[in-house]
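One structure below.
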Protein chains: 2
Amino acid sequence: MAASASAAATLPTTLLLRRLLLLSPRRHPTTPAPRRFRSCCCSSSSSSPAAAPAHPHPPAGGRRLRGELRSRAMSSSTNSTVLAESVATGSSVDVELLPFVNDKHGGVIVEMTAPMDPQLFSASLKASLSKWREQGIRGVWIKLPISLANLIQYAVEEGFWYHHAEETYLMLAYWLPATTHTLPVNATHRVGVGAFVMNDKREVLAVQEKSGVLRGLGVWKFPTGVVEPGEDINLGAVREVKEETGIDTEFVEVLAFRQSHKAFFDKSDLFFVCILRPLSFDITKQDSEIEAAQWMPVEEFAAQPFVQKHELVKYILEVGLAKVDKDYAGFSPILIKSAFTDKKSFFYMNRRDLDKASESSSTQKKTEKPLFMEKL
Amino acid sequence: MAASASAAATLPTTLLLRRLLLLSPRRHPTTPAPRRFRSCCCSSSSSSPAAAPAHPHPPAGGRRLRGELRSRAMSSSTNSTVLAESVATGSSVDVELLPFVNDKHGGVIVEMTAPMDPQLFSASLKASLSKWREQGIRGVWIKLPISLANLIQYAVEEGFWYHHAEETYLMLAYWLPATTHTLPVNATHRVGVGAFVMNDKREVLAVQEKSGVLRGLGVWKFPTGVVEPGEDINLGAVREVKEETGIDTEFVEVLAFRQSHKAFFDKSDLFFVCILRPLSFDITKQDSEIEAAQWMPVEEFAAQPFVQKHELVKYILEVGLAKVDKDYAGFSPILIKSAFTDKKSFFYMNRRDLDKASESSSTQKKTEKPLFMEKL
């Protein structure tokens with residue numbers, strides 16, 4: 001980036017001023033042709049198609065390319081803008097390629113950090129795309145921090161589309177080959193947790209919320225929440241219960257889950273019903289979100305009209321009680337490691353049934369070599 | 001929007017030209033103070049905090065407010081820009097409020113569709129924010145299509161941050177009260193599926209992929225894929241198997257799932273291991289993604305060195321065989337409805353154990369009234 005800035009500094013002042021004029025406030029980028037996001041194949045591992053940014057190859061940026069400012073296709077313009085562009089088109093200046101790293105999938109990643117003259121960015125991007133196309137590069141990622149929001153339109157003008165955004169940055173994507181892209185899809189789901197926590201008096205932990213659709217209705221519900229970015233479901237459930245009620249718990253099992261769509265805007269929701277074992281019993285409710293919290297006799301909880309007409313809550317109660325009173329088996333987590341990295345992830349399965357299956361294999365089929373020797 | 005355009009048309013030409021100068025290409029928006037996304041409480045229903053856009057109140061836009069262009073805080077500027085702004089500051093013009101709809105949570109949603117002069121947008125946004133603040137509005141959403149990328153920086157300058165982005169639009173968010181916001185978090189997870197499909201010769205459906213980390217290694221793996229936006233897990237698994245191998249299947253159960261983090265950029269991944277019953281047997285492999293597909297003796301599949309060192313694949317095999325040969329119970333889906341809307345969602349649970357629990361309740365506790373009378 002420092003190199004780019006110094007390149008800009010060498011431009012004649014008059015050209016720089018003309019460049020400033022290039023950016024007409026009335027201009028808006030053209031809408032790119034719609035693309036359909038195809039599902040990319042998952043490699044059954046934690047090393048997914050776009051995992052590259054965590055392990056980028058050494059930076060290969062800083063190469064120079066003799067380029068020139070090309071005229072820009074605009075959907076609308078003013079006369080002065082067209083004039084300025086004509087002048088600029090005739091000039092030939094050094095244009096730095098954008099700094100980038102290669103990813104593992106034949107693509108490149110540009111991560112912008114410092115402010116850059118928008119016209120210089122645009123020219124550098126054009127020159128970079130031209131070079132990358134020659135080199136057979138496939139996907140191009142540009143990560144723009146929110147402080148560089150003024151550069152977005154120039155990437156869009158070159159055909160980039162939005163891949164995803166977080167609070168402080170926007171990720172743009174482009175596919176250079178003349179084929180359908182194989183870039184990974186954006187995140188599609190939010191993950192929520194609901195907690196069934198019962199003490200030995202057959203009372204369940206119940207809360208009334210200060211916001212949401214049940215606000216002010218006096219309805220007692222199970223503690224629920226949304227897992228934070230990068231948080232494990234089992235840890236998220238324990239955290240939510242602690243935050244809302246002050247109760248310490250131990251995660252036992254995922255008893256069930258629900259997938260719903262258009263839960264917020266066009267996004268989907270996966271809601272995991274968890275059963276937790278209480279380790280403490282004195283309630284300290286959270287003031288900001290929770291109106292009230294209590295240990296409530298489960299029959300009283302179940303008798304609420306809200307529960308009677310709410311199929312999801314009825315099922316949470318049903319699987320919770322089946323676990324407590326009967327022989328219901330949910331999924332419990334074990335840590336497994338990836339074949340490709342040292343990363344560990346939680347794998348949730350019906351361990352009771354799998355243990356039984358292993359036992360019966362070892363007693364009934366002693367002559368056969370079991371497929372899996374490892375103890376869970 | 002048409003009203004805004006006509007308002008712009010009434011501005012004196014000289015003022016309009018000065019406005020064009022306001023947009024210095026060297027300016028970049030200031031970085032907003034970092035905010036921490038707090039988890040919002042899930043209401044245990046499909047009617048989540050941000051479900052409002054699907055059922056917005058009637059548009060309340062179009063109200064007029066006598067406003068004036070205020071000077072803008074800039075991180076850098078040129079002399080000419082400062083001059084132009086000083087002139088503009090002294091002028092007083094009619095500024096339209098941005099068109100908006102109210103949401104159900106005390107907030108407003110602005111969905112921009114037509115091009116707008118960036119300075120007019122900026123002035124309208126300032127005036128709108130001022131009005132909304134007076135009215136006690138909480139969250140403000142602005143949805144900008146990619147064709148209006150040139151407006152993003154003006155929303156950022158007012159303090160908006162990025163909430164999420166899809167291919168064709170960016171959603172910006174702002175919180176007017178002086179409290180921590182309670183807006184829903186962005187989507188955090190991609191959802192993948194892996195398919196265990198076995199025929200009655202104890203052969204599993206196996207594929208070799210054309211891309212990904214296993215490309216060219218001759219490794220046979222289970223068919224996998226990513227569910228599409230809005231797609232159900234069970235339907236996604238059936239679709240992926242059909243696409244990759246041409247085999248028709250019936251979904252049986254989710255046998256297990258894995259949650260991993262930083263699977264692509266900072267996003268997480270939920271991978272559901274599904275068992276499917278084959279309904280057809282002649283393989284027609286997909287040319288674009290699949291190198292080869294076959295029915296493969298399960299012992300041969302398991303003996304691959306790749307499988308031996310890959311804990312996830314070993315567990316997929318283990319739970320698959322425990323289901324086929326033993327008494328392993330996974331989660332199977334039923335459709336349940338929301339208490340608040342007519343929407344239906346799939347709820348996945350251990351139906352075998354729940355059915356058993358219901359049976360034992362009805363035989364052993366005939367004198368007690370069962371909590372749940374409904375048959376699954």
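Nothing here was measured: the structure is a model prediction, and the numbers come from that model.
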Side chain / backbone / both / neither for [X] at chain B, heavy atoms under 4.5 Å:
| X | answer |
| --- | --- |
| A:Leu270 | side chain |
| A:Ile336 | both |
| A:Val254 | both |

Output field: ring centroids A:Phe272/B:Phe257 closer than 6.0 Å =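 Here the rings of B:Phe257 and A:Phe272 have centres that are less than 6.0 Å from each other.
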B:Tyr162 side chain reached by A:Thr168 side chain, heavy atoms, under 4.5 Å |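 Side chain of A:Thr168 against side chain of B:Tyr162, heavy atoms only: no contact under 4.5 Å found.
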Report yes if some heavy atom in the side chain of B:Glu166 is under 4.5 Å from a heavy atom in the side chain of A:Lys267; otherwise report no.
->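 In contact.
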For [X] versus [Y], what's the shortest heavy-atom pair and its separation?
| X | Y | answer |
| --- | --- | --- |
| B:Asn350 | A:Ala329 | ND2-O, 2.8 Å |
| B:Ala322 | A:Ala357 | CB-CB, 4.0 Å |
| B:Leu170 | A:Ala165 | CD1-CB, 3.9 Å |

Salt bridge between A:Lys344 and B:Glu311, side-chain N to carboxylate O under 4.0 Å?
->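 Looking at B:Glu311 together with A:Lys344, the answer is no, because their closest N to O distance does not fall below 4.0 Å.
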Can you find a side-chain donor-acceptor pair between B:His261 and A:Asp232 that sits under 3.5 Å?
->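 Side-chain D/A pair, B:His261 to A:Asp232: present.
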Please lay out, stage by stage, how B:Arg258 and A:Phe346 fare under the test side chain to side chain contact (heavy atoms under 4.5 Å, CB included).
-> CA-CA 6 Å; B:Arg258 183 201 59 179; A:Phe346 279 111; over 6 Å; no
Closest-packed option against chain B by number of heavy-atom pairs under 4.5 Å, given A:Ile233, A:Asp327, A:Leu151 =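 Answer, by heavy-atom pair count under 4.5 Å with chain B: A:Ile233.
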Partners of A:Lys356 by side chain to side chain contact (heavy atoms under 4.5 Å, CB included), sequence neighbours excluded?
->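 Side chain to side chain contact (heavy atoms under 4.5 Å, CB included) list for A:Lys356, sorted by chain: A:Arg352.
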